[in-house]
Amino acid sequence: IEMGLSTERALNLLRVIEKAEEISQRELAEQVDVSLGTANQTIRALVGAGILETNIVTTSKGKRGQTYHLTATGQEQRKQLAQLRIEECEHEIQSLKSEINTLKQEI
């Protein structure tokens, strides 16, 4: 999925949505550390791709809002993102080990 977000942020966004009973786009943007516009655009793309479902609700604060739920496709996508993030982290670990070895030789 191309959401214009790093794998880590995309994965975090899906995790937050999966865990949250009720969350505003503003709260979601803050938790994932993206702009409100990016959160809105990403959510629209995820709904369009069938990864998220939304429901209009009256929030606990009495405002009209939306709830978001991962679809079965969304849950599968989250797993794929987790696998991709594992690979990124493993690559990062190898790079760091290489850098550490280089630095040790300089001491």
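The first residue of the sequence shown is numbered 1, and numbering continues consecutively from there.
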Under the side-chain contact (heavy atoms from CB on, under 4.5 Å) criterion, do Leu46 and Leu13 qualify, and how do the steps go?
-> CA-CA 11 Å; Leu46 291 172; Leu13 182 113; 3.3 Å; yes
Determine, stepwise, if the pair Arg26 / Glu30 fulfils side-chain contact (heavy atoms from CB on, under 4.5 Å).
-> CA-CA 6 Å; Arg26 188 173 306 281; Glu30 286 171 8; 3.9 Å; yes
Derivation of the side-chain contact (heavy atoms from CB on, under 4.5 Å) call for Leu14 and Glu18 | CA-CA 6 Å; Leu14 294 181; Glu18 192 171 38; over 6 Å; no
Decide side-chain contact (heavy atoms from CB on, under 4.5 Å) for Leu52 and Ile17; before the verdict, give the C-alpha distance in whole Å, the side-chain angles of both, and the deciding distance to 0.1 Å.
-> CA-CA 9 Å; Leu52 279 187; Ile17 289 170; 3.6 Å; yes
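The local environment of CD in Glu87 is crowded, with over 12 non-hydrogen atoms from other residues, nucleotides or ligands closer than 6.0 Å. Counted within 6.0 Å of CD on Gln41, heavy atoms from surrounding residues, nucleotides or ligands total 12 or fewer; the atom is thus considered open.
Residues Thr71 and Glu53 share a closest heavy-atom pair of CG2-CG, 3.3 Å. Across all non-hydrogen atoms, the minimal contact from Gln31 to Val16 is OE1-CG1, 3.5 Å. The nearest pair of heavy atoms linking Ala29 to Ala39 is CB-CB, 3.8 Å.
Here the CD-CD distance, from Glu92 to Gln94, works out to 11.5 Å after rounding to the nearest 0.5 Å. The distance from atom CG of Leu28 to atom CG of Asn40, rounded to the nearest 0.5 Å, is 10.5 Å. Atoms NE2 and CG, on His91 and Leu96 in that order, are 10.0 Å from each other to the nearest 0.5 Å. The CG atom of Leu11 sits 10.0 Å away from atom CD of Gln77, with the distance rounded to the nearest 0.5 Å. Distance check, rounded to the nearest 0.5 Å: CD of Gln80 to CD of Gln83 gives 9.5 Å.
For the pair Glu88 and Arg85, the salt-bridge criterion is met [side-chain N within less than 4.0 Å of a carboxylate O].
Between the side chain of Thr102 and the main chain of Ser98, a donor-acceptor pair closer than 3.5 Å is present. The closest donor-acceptor contact from the side chain of Arg9 to the backbone of Asp33 lies under 3.5 Å. A donor-acceptor pair under 3.5 Å is absent between the side-chain atoms of Thr54 and the main chain of Thr67, judged by distance alone.
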